[in-house]
Every structure is written in structure tokens, then in C-alpha cells.
Amino acid sequence: MATRQDDVIPDFLRMDDAIGSDPANANKTGNWHGWPTKDLNPVTLMDDEGRTVRIRTPVMDLEGLITPTDLHYTVQHFDVPPVVATDQWELKIHGQVKNELTLNFDQLRRFPGRSVRTVMECSGSDATFFEYFKDEGPKPSRTQECMILSASEWTGVPLAAVLNAAGLSDKSLYVRAVGNDEGVPAIAAEGTKPFYYDKGLPMQKALHPDTILAWAQNGQLLEHLHGSPVRLLVPGWSGNWSVKWITDLEILDHMPECWYHYEFYYYGNSPEDPNKELITTLGVKAIVTQPNDDTEEMTKGVHMIRGYAWSGAGAISEVDVSTDGGETWHSAHIEAPRHDRFMWVRWSYRWDADKAGKFTIMSRASDEVGRVQSREPRYNNMRKNFSAIVGYPVTVK
Ligand SMILES: Nc1nc2c(c(=O)[nH]1)N[C@H]1C(S)=C(S)[C@@H](COP(=O)(O)O)O[C@H]1N2
Ligand SMILES: [Mo]
């Protein structure tokens with residue numbers, strides 16, 4: 001039976017405890033400039049003109065729930081498209097609708113707004129763990145490499161409001177969202193013509209009130225790298241559904257053949273697999289951020305093991321922690337707030353490491369629809385959506 005750590009505190013707090021230290025995290029709190037500014041180090045990549053085009057998030061070093069916008073990861077498959085000023089931007093809604101519409105930025109902002117706090121995870125996050133689990137690669141370091149994982153508060157209007165304004169019929173079954181970035185994927189078959197990044201969202205998800213057309217992130221108008229002036233945001237689904245730099249919503253009576261559907265973001269054993277599955281909902285996943293995954297040694301005493309947990313399918317109902325490689329599990333405390341359905345939660349577990357020796361720290365999430373984080377990854381040809389439990393070996397001295 002797992003022991004529960006209660007919301008009501010004090011089991012965590014015993015003033016006479018020997019507090020253990022963990023050198024890896026201690027190093028991370030150095031680096032002050034002397035005044036209240038602290039460097040965090042996202043891993044970035046710049047283009048030829050010195051502009052940042054890629055950001056990987058230092059998840060292990062963050063506090064709270066919101067990833068500061070300048071640390072929020074960015075992914076795009078093609079070159080970053082040119083900046084479009086808000087007064088030049090238009091969104092066309094066409095196809096299987098009663099009235100085709102073209103909205104400019106001001107018109108879009110006349111719909112009642114909505115803010116959604118959500119975790120965003122790229123399908124490629126943690127991909128190198130697939131090799132590690134097969135003993136074909138070294139243990140990845142989420143601390144060193146940073147992650148394709150972040151969370152923000154996004155503000156915009158429900159996509160449903162815009163679709164309803166255009167008028168839906170029983171032939172309005174999919175929403176093809178198109179971005180303003182054009183290219184040919186590196187792995188595409190020879191002769192593939194350049195196309196704009198697009199995804200075909202099923203109507204049920206499109207009409208979910210938290211699926212929004214967003215123009216702001218964390219209280220500010222969108223940064224260009226995050227899809228300004230307006231992007232689609234599909235909470236709970238893998239990041240690739242949240243089409244940036246959106247220009248078109250094409251309403252269809254069938255699923256469009258978007259290249260990224262079955263050539264890139266799919267479950268399957270090979271490109272020829274006849275039973276490919278589209279990747280949509282995120283897994284159920286808890287990760288340990290403290291001690292971070294570069295920690296090898298800790299001293300005897302009380303340690304707070306902390307992390308994040310999230311699920312694309314439902315709220316997190318339970319997080320368990322093991323320090324013996326999954327032999328025994330203990331219920332962790334889930335920290336408030338936990339009411340934002342698509343947001344990750346913080347959790348913590350008080351570990352009384354009173355014996356020296358070798359330990360393996362693990363965390364395991366469960367969600368309200370009954371999914372439990374698995375020990376084995378779901379292998380797939382494209383190495384997408386890794387969500388298995390990872391063990392961190394540490395020595396207590
Ligand atoms: N137009 C466009 N939208 C896109 C992409 C893209 O290549 N082009 N990449 C997707 C992927 S794979 C991810 S994980 C998210 C990342 O969003 P972010 O850069 O704001 O974090 O954007 C998605 N939206
Ligand atoms: Mo992604």
C-alpha cells in the first residue's frame with residue numbers, strides 16, 4: 001500500500017531533520033549577477049543572421065508552472081516565415097461552411113476571448129530514450145540537452161466561435177489549419193513539391209472550448225517564433241497540432257492528406273507499415289526535476305524529490321515515487337493549483353535518505369481516465385511520444 005503525503009503539510013516539516021544536499025542542483029543556483037537576475041541556459045540555435053530560431057527549455061531549472069516565454073521551446077520544420085504585421089494579417093475560413101469568411105486581426109478580437117493554460121510537448125521530446133531503453137545509446141541528460149517541453153497561458157478566441165460564425169453543416173468534419181511557412185521536409189520522397197505546414201483537425205477536437213486561435217502568450221502578444229500574429233492551440237494533443245502563423249482554415253468533409261500526418265507524426269513500425277496510427281493525445285507522464293538527472297551523489301538526510309506530471313487525456317489523479325527502481329512506490333503530494341485540465345502539475349515527495357547506498361529514483365503518473373505511465377516505451381519507427389518511466393541512479397553517501 002502506498003503511503004500518502006497529505007496536503008495538510010507538516011509531515012514534510014520536521015525542524016530537527018538532517019537536510020541532505022545534492023551537488024548538481026546546488027550548482028544550478030549559482031551564477032547570480034549580483035542583483036536579482038539569474039541566468040538560465042536554454043539550448044539555442046541561430047540562423048545566419050544571428051536570430052534565434054530554436055530554443056530548448058531548461059525544464060530542470062524552472063520553478064512553478066509557467067515557462068517564461070523566452071525559455072519556451074520552439075520547433076518549426078521549415079524556415080521561419082517572414083513577419084506579418086497584425087494589420088496585414090488575414091484568416092480565411094472556407095470550404096464546407098455556410099458563409100466563407102475572411103477575418104482580420106481586429107475582427108478576430110471581437111469574439112469573446114478565452115485564456116487556456118496548457119503544457120505543450122513536442123512528439124520528439126525525449127526521443128533519445130528509445131535508444132537508451134534498447135541499450136543502444138547513452139543515458140540522455142534532460143539537464144544538459146534541455147527539453148522540447150514547456151507550458152504557457154495562451155489567450156485568444158475559441159476556434160468553435162469562429163467556425164460557428166462561418167456556419168457548419170453535416171459535411172463540416174475536419175478543419176485543415178494552414179501556416180505561413182513553406183518548404184520540403186528533408187526526408188520527403190524525391191519530387192515532393194514545397195507545401196505550407198498544415199494539419200487536419202477532426203471537428204470534435206476543433207469544437208472543444210479550449211481549442212483556441214491564440215494571439216497572446218503569457219500576457220503578451222505572440223512572439224514571432226511562437227506563430228504571430230495568430231496560431232492554433234490544441235491543448236492535450238502533441239505540439240505539432242498547434243499550427244503557427246495561421247492563414248487558412250479549410251473546412252472539409254474528409255481528412256486531408258497532410259504530409260506530417262502519416263509521414264512523420266505517426267505510430268508504426270516502418271514507413272510501409274499498413275497500420276499506421278496518427279499521433280494525437282499526449283501520454284501520461286511524470287518527470288523528476290529535483291534532483292536533476294545529472295545528479296550522481298547525494299548526502300544522507302532528507303531530500304525533497306520534485307517534478308512535473310501531465311496527461312493529454314485527463315487531469316493527473318496520482319503521482320507515485322520509487323527510490324528502489326520500482327520495487328516499492330509511495331504516493332507523492334500533488335501541489336496546487338491543479339484545476340487547469342491541460343496544465344501540468346507540480347508534485348513533491350519527502351525522501352528520508354537515512355542509509356548510504358545506491359538508489360534509483362523514479363516517478364509514475366496516473367490520470368483520471370485510468371491511464372498509468374508505463375515502464376516500457378511504445379516503440380515506433382519515428383521515435384515519437386516517449387512517455388515511459390525513467391530511472392535515475394544516485395548514490396547516497
Ligand atoms: N506553421 C507551423 N506550425 C507548427 C510547426 C511548424 O513547423 N510550422 N511545428 C509544430 C510543432 S512540431 C510543435 S512541437 C509546435 C511548437 O510550438 P512552439 O514553437 O510555439 O513551441 O508548433 C507546431 N506548429
Ligand atoms: Mo513537435
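Both backbone and side-chain heavy atoms feed into the values below; hydrogens, waters and symmetry mates do not. In this chain, residues are counted from 1 in sequence order. Both counts, for ligands and for their atoms, begin at 1 and track the order of listing.
Among Asn240, Asn180, Val178, the single residue meeting the side chain to side chain contact (heavy atoms under 4.5 Å, CB included) criterion with Tyr197 is Asn240. Just one of Arg341, Arg114, Arg117, Lys205 meets the side chain to side chain donor-acceptor pair (under 3.5 Å) condition when paired with Asp210; it is Arg114.
Considering backbone and side-chain N/O of Val75, one or more are found under 3.5 Å from N/O of ligand 1. Between His77 and ligand 1, at least one pair of N/O atoms sits closer than 3.5 Å. Any N or O atom pair closer than 3.5 Å counts here, and Lys244 shares at least one such pair with ligand 1. Geometrically, ligand 1 and His226 share a nitrogen or oxygen pair separated by less than 3.5 Å.
Under the 4.0 angstrom criterion for non-hydrogen atoms, Ser242 is in contact with ligand 1. Heavy atoms of Lys199 stay at 4.0 angstrom or farther from ligand 1.
You'll find the side chain of Val119 stays beyond 4.5 Å of the side chain of Phe342, heavy atoms only. Contact of the Leu201 side chain with the Leu159 side chain is registered, since non-hydrogen atoms from C-beta on lie closer than 4.5 Å.
When each atom of ligand 1 is checked for a heavy atom of Asp181 under 4.0 Å away, the hits are 1 (N), 2 (C), 6 (C), 7 (O), 8 (N). Counting atoms of ligand 1 from 1 in the listed order, those under 4.0 Å from a heavy atom of Tyr265 are 12 (S). Atoms of ligand 1 found under 4.0 Å from any heavy atom of Gln76 (numbered from 1 in listed order, with element): 6 (C), 7 (O). Here is the list of ligand 1 atoms found below 4.0 Å of a heavy atom in Tyr73: 14 (S), 16 (C), 18 (P), 19 (O), 21 (O). Using a 4.0 Å cut-off to heavy atoms of His72, the atoms of ligand 1 that qualify are 21 (O). Each of the following atoms of ligand 1 lies closer than 4.0 Å to a heavy atom of Cys122: 14 (S).
Under the rule for a side chain to side chain donor-acceptor pair (under 3.5 Å), the partners of Trp310 that lie at least two apart in sequence or sit in another chain are Glu121. Legend: residues meeting salt bridge (charged side-chain N to carboxylate O under 4.0 Å, His left out) with Arg142, ordered by chain and number and at least two apart, are Asp126.
Under the 30°/60° scheme for interplanar angles, the aromatic rings of Tyr308 and Trp344 are found to lie parallel. The aromatic rings of Tyr260 and Tyr265 lie tilted to each other, with the angle between the two planes from 30° to 60°.
At a 4.0 Å heavy-atom cut-off, ligand 1 does not touch Glu121 at all.
Within 6.0 Å of the CZ atom in Phe78, the count of heavy atoms belonging to other residues, nucleotides or ligands exceeds 12.
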